[in-house]
Amino acid sequence: MDALGYLAFGDTGWSDEIARGVLVTASLALVTLPVGLAIGFLLALAKQSREETLRLAADIYTTIFRGLPELLTIFMVYYGMQIGIRQASLALGFEGGFEINAFVAGMIALAVVFSSFASEVFLSAFRAIPHGQYEAGDALGLTRWQTMRTIIAPQLVRIALPGLGNLWLILLKDTAYISVIGLSDIMRQAGIAARVTKEAFLFFGIACLLYLVLAILSSIVFSRIERAARRSEVRA
Amino acid sequence: MTAIVRQTLLAPQPAPPDLAKQWTRTRIVGHGLMAVWILAGLGMVWWLIGAWNIEFVDRYLPRYLAGLWTTLSLVAISIVLGAALSLPLAFMRMSDNPVLGGIAYGYVYFFRGTPLLAQLFLIYYGFGTFRAELEAVGLWWFFRDAWNCALFAFTLNTAAYQAEILRGAIESVKPGQWEGGAALGLRPLQTFRKIVLPQAMIVALRPYGNEIILMIKGSAVVALITVFDLMAVTRRAFSNTFDFQTYIWAAVFYLVIVETVRILWNRLEKRLTRHQQR
């Protein structure tokens, strides 16, 4: 069969399998994003807290998960969860095997890695906001939460957006690692197709191109979001 | 209005007593989280001591060290080769020639926009598709070996990142510096080497450090193409023993390397930029 035949949809070709892989990759990244952002934001709050123990606890988290290879983090979460759940269930008297969902394990591992980098982006954004902004909130009689929501957050988002855009692209690429614990993402589907058809260059090349397409689409979306976030800025 | 003037000064008072530190919510949360970390750390140490087994150490420590050596040498060689390759790339990217600029842009975009894992598979498995052609040009011996493929993929990958670092740093040097060199009668190459590059390297220092750390972390993927680096050794040890401490030890090794590089790099940066510090 020629290369075009391999790329047909349906039973003979691989396009439908690979398209499903694209959906899995995109949905994994999209599900991880809000979790990672939330944890990263809380970590940034902890890192700029006046409480020393809170800062230290957040710094330990960042040091560990920023320094470990993503692949190792994924294996540790996957096998760690498997062993942990098995022992917990044995302790509770259950018998039998448990399969950890690769999607959930991957999401946790990627969210942990993403949040430790995102916390640094948020932290430097926090530091770029002058202290007078908080004082202005106090002077207006706003509560701490109101100040954060109506004064600080809108500026924070604007400053942090470029950094978060980079992290999103890294996250998209890191999802490829989840294929090693059996998630049927782009990489895994391309690998299966390559093994069956012996056309490794074709299918891994397609995988690379698909990641590029996802990256290009993301940059388009991100530049829109950035423009939207800056619409209120005074034009000089 | 009569002014009230105190005739005698107040005797010196002792400093007010320290306000007792209050147990605010943040303070409780902070102590709680630290307690979790400390307990987790102690628990892990206790577990590792309990699981200490001299046979395990005898059997696997030499393998871990060999894997560590593979990881470090792979990263070191590819960073150096990548640096050499990044120089022409950065100049192509900055050139006014649209063809050269376009090629360099495409190269950098491809290698920065796709996962290292996909690039590695494309080279290791993909080049196998062209075995006959590679044999014809006498390059098959190179691409047959997984270590060579990993080195090749890493070099191409890091060259793309380093080219961007270099370009950003060179462009951050003000054009007046070039003009200054020209005014002194230096040739462009001399100006570049003696005036622009030293200033650009200072700017590039921090991103270069980050790139080294990224490469150390990224190098773990070679375990998937049968190169016996630290990660592959760990995986082999885990599948033989089903003992989770194999992964813990790998994590310790990686954290120690990455933190060492970071601390050394911070020192280096501090020393090299001491003329800028006030």
Side-chain angles (χ1 to χ4, degrees), chain A residues 45-46 49-58 60-61 63-64 66-76 79-80 82-84 113 169-170 172-177 179-180 186-187 190-191 194-195 198-216 218-219, chain B residues 24-37 40-41 71 109-130 213-214 216-221 223-224 230-231 234-235 238 242-244 246-248 250-251 254-259 261-262:
Chain A
L45 280 182
S49 150
R50 245 177 263 147
E51 176 58 39
E52 205 178 331
T53 50
L54 207 53
R55 287 202 306 265
L56 190 59
I60 293 174
Y61 179 98
T63 307
I64 291 178
R66 220 175 34 179
L68 288 183
E70 291 78 1
L71 202 56
L72 184 64
T73 310
I74 287 161
F75 281 131
M76 286 181 84
Y79 292 119
Q82 233 162 31
I83 292 172
V113 175
L169 292 178
I170 293 173
L172 214 50
K173 289 189 283 173
D174 281 352
T175 56
Y177 291 129
S179 63
V180 300
I186 297 177
M187 270 321 281
R195 211 166 335 124
K198 305 256 182 292
E199 287 283 353
F201 194 80
L202 175 72
F203 282 106
F204 287 123
I206 288 173
C208 285
L209 289 183
L210 288 173
Y211 281 106
L212 276 185
V213 169
L214 288 179
I216 292 170
S218 317
S219 350
Chain B
T24 55
R25 205 170 353 149
T26 10
R27 196 147 175 254
I28 294 170
V29 172
H31 279 75
L33 288 175
M34 271 318 286
V36 170
W37 277 127
T71 295
Y109 202 94
F110 178 82
F111 280 99
R112 299 208 317 164
T114 56
L116 183 56
L117 182 63
Q119 295 160 17
L120 191 66
F121 281 8
L122 185 67
I123 288 168
Y124 181 63
Y125 295 117
F127 279 20
T129 320
F130 306 114
I213 289 174
L214 275 184
I216 293 173
K217 291 169 55 183
S219 73
V221 295
L224 303 176
L230 186 52
M231 190 71 210
T234 309
R235 261 158 62 89
F238 181 75
F242 284 107
D243 190 344
F244 195 65
T246 50
Y247 278 114
I248 303 284
Y254 274 112
L255 278 185
V256 169
I257 313 172
V258 167
E259 284 304 297
V261 170
R262 218 168 46 165

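Every heavy atom of this structure was used, including side-chain atoms; hydrogens, water molecules and symmetry mates were not. Computed from a prediction, not measured in an experiment: that's the story for all the values here. Every chain is numbered from 1, with letters handed out A, B, ... down the list of sequences.
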Looking at [X] and [Y], what are the two nearest heavy atoms and their distance?
X: F110(B); Y: L212(A); answer: CD1-CD1, 3.7 Å
X: L33(B); Y: A57(A); answer: CB-CB, 3.8 Å
X: C208(A); Y: T114(B); answer: O-CG2, 3.2 Å
X: I248(B); Y: M76(A); answer: CD1-CE, 4.0 Å
X: M34(B); Y: I60(A); answer: CE-CD1, 4.0 Å

Residue part contacting chain B, namely of [X], when any heavy atom lies under 4.5 Å:
X: I64(A); value: both
X: Y177(A); value: both
X: I216(A); value: both
X: S218(A); value: neither
X: A176(A); value: both
X: L169(A); value: neither

What residue, out of [options], has the most heavy-atom pairs lying under 4.5 Å from chain A?
options: G32(B), G126(B), G30(B), P115(B); result: P115(B)
options: F127(B), Y125(B), F244(B); result: F244(B)
options: I257(B), V221(B), V36(B), I123(B); result: V221(B)

Top of G80(A), G191(A), A215(A) for chain B proximity - count of heavy-atom pairs under 4.5 angstrom: G80(A)
Between R66(A), E52(A), R195(A), R50(A), the one whose heavy-atom pairs under 4.5 Å with chain B are most numerous: R66(A)
Geometric class of the Y79(A)/Y247(B) ring pair [parallel <30°, tilted 30-60°, perpendicular >60°]: parallel
For [X], is it the side chain, the backbone, both, or neither that has a heavy atom closer than 4.5 Å to a heavy atom of chain A?
X: I213(B); answer: neither
X: R235(B); answer: side chain
X: V261(B); answer: neither
X: Y109(B); answer: both
X: T26(B); answer: both

How long is the straight-line distance from [atom2] of [Y] back to [atom1] of [X], given to the nearest 0.5 Å?
X: L122(B); Y: L202(A); atom1: CG; atom2: CG; result: 10.5 Å
X: L117(B); Y: E70(A); atom1: CG; atom2: CD; result: 11.5 Å
X: L72(A); Y: M231(B); atom1: CG; atom2: CE; result: 5.0 Å
X: L71(A); Y: Y254(B); atom1: CG; atom2: OH; result: 8.0 Å
X: K173(A); Y: L116(B); atom1: NZ; atom2: CG; result: 8.5 Å

Beyond-backbone contact of P69(A) with L230(B), side-chain heavy atoms, under 4.5 angstrom: no
Contacts of type side chain to side chain contact (heavy atoms under 4.5 Å, CB included), residue T246(B), not counting sequence neighbours: F56(B), Y64(B), T234(B), A237(B), F238(B), T241(B)
Partner residues of T63(A) under the side chain to side chain contact (heavy atoms under 4.5 Å, CB included) criterion, sequence neighbours left out: E259(B), R262(B)
